[in-house]
Amino acid sequence: MQKQYIIRRFDPKDLDHVVKLNWVFLPENYPSFFFLENYTHWPEAFLVAESAGEIVGYVMCRVEEKYYRFSPVKLGHVLSIAVEKKHRRQGIATALMKGAEEGLVGTYGVDVIYLEVRVSNEPAISLYKKLDYKILGVMPSYYSDGENGYLMVKSTSERADDHLIRAVLGYRVRR
Ligand code: ACO
Ligand code: ZN
C-alpha cells in the first residue's frame, strides 16, 4: 500500500490546525505565539503530517543548552507530538519523530534528545521505546493534575554517555 501522508516542515499557515490538534488530543496546551517562537528558532524540528490536504499530525521541538565539564551540551527537547485519531497506527508519529530527529541532530547538532510523557500514556511510551528512548527516571507530580511523568532520553552523539546524560538531566528525576 502507498503511504497516505507526507511529512513536511511546519509553515505558519498551519498554525490554527496545529493549535487545534494540540487542544483536542493533549491536556498540555500552549498559546499560539509559543508554537511560532519554536518554529522561528528551530524550523527543521517542527514538522507536520499532511493527508489529503489536511494537517493530521505534528511534532514540535526546541534546542536547549547545558554545560558538562565546562563545555556546552546541546539537548533536543521534543515538546509536543500528536496524531489525529483516525490516522493513528499508520506510522505517522514514527515518521514525524524520525524527521524531527534528523533536524535536531543533522541541522542543530544536538548530543541528546529528551522528552516528558505521562506514566499512563502507554501508546506514546511504546512509540518512544520503539525509537530507542530509555526511561531516565520519574518526575513526581510533573503534570498539573498531579500525575507523574517519565523523562525519556536518547543519546545522539558519542560523547553523550550515561554519565553526561545524568549530569545534564538527572536532577529532574527522582532517584
Ligand atoms: N497502543 C500500544 N502501542 C502503540 C499505540 C497504542 N495505542 N500507538 C502506538 N503504539 C506504538 C506501537 O509500537 C506502534 O507500532 P505498531 O503500530 O507497528 O505496533 C508504534 O508506537 C508506532 O506507532 P505510530 O503509528 O507511529 O504512532 P501514531 O501515529 O499512532 O501516534 C501518538 C502515536 C502520537 C502517541 C498518538 O497516539 C497520539 O497522538 N496520542 C495523543 C497525544 C499524545 O499522547 N502525544 C504524546 C504526548 S508526550 C509528548 O508530546 C512529548
Ligand atoms: Zn482542517
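Residues take their numbers from the sequence shown, with the count starting at 1. Order of listing sets the numbers, starting from 1, for every ligand and every atom in it.
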Asks: Starting from atom 39 (O) of ligand 1, which protein heavy atom do you reach first, and at what distance in Å?
Replies: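 For atom 39 (O) of ligand 1, the nearest protein heavy atom comes out as V83 N, 2.8 Å.
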Asks: Quick one: does any side-chain atom of T156 pair with a main-chain N or O of D111 as donor and acceptor, under 3.5 Å?
Replies: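 Yes, because the side chain of T156 sits within donor-acceptor range (under 3.5 Å) of the backbone of D111.
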Asks: Got a donor-acceptor contact below 3.5 angstrom from the Y5 side chain to the G57 backbone?
Replies: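 No; judged by distance alone, with no hydrogens or angles, the pair does not exist.
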Asks: Less than 4.5 Å apart, any side-chain heavy atom of N38 and any of C61?
Replies: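 Not touching, per the 4.5 Å side-chain cut-off.
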Asks: Mind checking what makes salt bridge (charged side-chain N to carboxylate O under 4.0 Å, His left out) contact with E28, not counting sequence neighbours?
Replies: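 For E28 the salt bridge (charged side-chain N to carboxylate O under 4.0 Å, His left out) partners, ignoring immediate neighbours, are R118.
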Asks: Taking 4.0 Å as the limit for heavy-atom contacts, which would you say applies to R118 with ligand 1: side chain only, backbone only, both, or neither?
Replies: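 It is neither part, as no heavy atom is under 4.0 Å.
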Asks: Without hydrogens or angle criteria, can the side chains of S120 and E147 be said to hold a donor-acceptor pair below 3.5 Å?
Replies: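 There is such a pair (donor and acceptor under 3.5 Å, judged by atom type) between the side chains of S120 and E147.
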Asks: Between Y68 and H163, does any side-chain donor sit less than 3.5 Å from a side-chain acceptor?
Replies: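 On atom types as modelled, these side chains qualify, holding a pair under 3.5 Å.
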Asks: Atoms of ligand 1 less than 4.0 Å from A124 heavy atoms?
Replies: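 Listed by number with element: 35 (C), 46 (C).
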Asks: Measuring from the heavy atoms of Y150, does anything fall under 4.0 Å of ligand 1?
Replies: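 Y150 does not count as a contact of ligand 1 under the 4.0 Å cut-off.
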Asks: In ligand 1, which numbered atoms sit nearer than 4.0 Å to a non-hydrogen atom of A82?
Replies: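 So the answer, numbered in order with elements, is 39 (O).
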Asks: Which protein non-hydrogen atom lies closest to atom 50 (O) of ligand 1, naming both residue and atom, and how far is it?
Replies: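 Nearest neighbour among protein heavy atoms for atom 50 (O) of ligand 1, to 0.1 Å: I81 N, 3.2 Å.
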Asks: Does any N or O in the side chain of N29 come within less than 3.5 Å of the main-chain N or O of N22, such that one atom is a donor and the other an acceptor?
Replies: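 Looks like yes, one N/O pair under 3.5 Å.
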Asks: Under 4.0 Å from a heavy atom of L26: give me the atoms of ligand 1 that qualify, with their elements.
Replies: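 Within the 4.0 Å cut-off of L26, ligand 1 contributes 42 (C), 43 (C), 44 (O), 45 (N), 47 (C).
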Asks: What I'd like to find out is whether the side chain of V78 reaches to under 4.5 Å of the side chain of V59, using heavy atoms alone.
Replies: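 Sidechains of V59 and V78: in contact.
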Asks: Any nitrogen or oxygen of V78, main chain or side chain, under 3.5 Å from a nitrogen or oxygen of ligand 1?
Replies: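 No.
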Asks: Please list the nearest protein heavy atom to atom 23 (O) of ligand 1 with its residue and the distance rounded to 0.1 Å.
Replies: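 Of the protein heavy atoms, T94 OG1, 4.0 Å lies nearest.
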Asks: Quick check on contacts: which atoms of ligand 1 are under 4.0 angstrom from a heavy atom of F25?
Replies: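 Every atom of ligand 1 under 4.0 Å from some heavy atom of F25: 41 (C), 42 (C).
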Asks: Return yes if a side-chain donor-acceptor contact under 3.5 Å exists between Y30 and E37, otherwise no.
Replies: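 On atom types as modelled, these side chains do not qualify, holding no pair under 3.5 Å.
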Asks: Does the residue K130 have a heavy-atom contact with ligand 1, meaning some pair of atoms that are separated by less than 4.0 Å?
Replies: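 Contact present.
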Asks: I need the nearest protein heavy-atom contact for atom 9 (C) of ligand 1: residue, atom name and distance, please.
Replies: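 The protein heavy atom lying closest is R89 CD, 3.7 Å.
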Asks: Got the closest protein heavy atom to atom 10 (N) of ligand 1, with its distance?
Replies: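 In this structure, atom 10 (N) of ligand 1 has P123 O, 3.7 Å as its nearest protein heavy atom.
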Asks: Any idea which part of E116 is under 4.0 Å from ligand 1, heavy-atom wise: side chain, backbone, both or neither?
Replies: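 Just the backbone.
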Asks: Tell me: protein heavy atom nearest atom 37 (O) of ligand 1, and distance?
Replies: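 Among all protein heavy atoms, the one nearest atom 37 (O) of ligand 1 is R88 CD, 3.4 Å.
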Asks: Can you confirm whether the side chains of Q4 and H87 place a donor and an acceptor under 3.5 Å from each other?
Replies: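 Per modelled atom types, Q4 and H87 side chains form no pair under 3.5 Å.
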Asks: For G91, take its heavy atoms, then give the atoms of ligand 1 lying under 4.0 Å from any of them.
Replies: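 Taking each heavy atom of G91 in turn, ligand 1 has 24 (P), 25 (O), 26 (O) under 4.0 Å.
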Asks: What do we get for Y128 next to ligand 1 when only non-hydrogen atoms under 4.0 Å count, side chain, backbone, both or neither?
Replies: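 Side chain only.
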Asks: Of all residues at least two apart in sequence or in a different chain, which pass the side chain to side chain donor-acceptor pair (under 3.5 Å) check with Y150?
Replies: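 Checked Y150 against side chain to side chain donor-acceptor pair (under 3.5 Å); zero matches.
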Asks: List every atom of ligand 1 that sits less than 4.0 Å from any heavy atom of S80, numbering the atoms from 1 in the order shown and giving each element.
Replies: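 Counting atoms of ligand 1 from 1, those under 4.0 Å from S80 are 50 (O).
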Asks: For atom 29 (O) of ligand 1, find the nearest protein heavy atom and state the residue, atom name and distance (0.1 Å precision).
Replies: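 For atom 29 (O) of ligand 1, the nearest protein heavy atom is A93 N, 3.0 Å.
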Asks: Distance under 4.0 Å to a non-hydrogen atom of S126: what atoms of ligand 1 satisfy this?
Replies: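 Near S126, the atoms of ligand 1 are 2 (C), 3 (N), 11 (C).
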Asks: Provide the number and element of each atom of ligand 1 under 4.0 Å from a heavy atom of L127.
Replies: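 Numbered from 1, ligand 1 contributes 11 (C), 21 (O), 22 (C), 26 (O).
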Asks: With R88 as the cation and F25 as the aromatic partner, state whether NZ or CZ is under 6.0 Å from the six-membered ring centre and within 45° of the axis.
Replies: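 Yes, R88 sits over the ring of F25.
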Asks: Is the shortest side-chain N to carboxylate O distance from K74 to E64 below 4.0 Å?
Replies: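 Looking at E64 together with K74, the answer is no, because their closest N to O distance does not fall below 4.0 Å.
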Asks: What is the nearest protein non-hydrogen atom to atom 44 (O) of ligand 1, stated with its residue, atom name and distance?
Replies: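 So the nearest neighbour among protein heavy atoms is N121 ND2, 2.7 Å.
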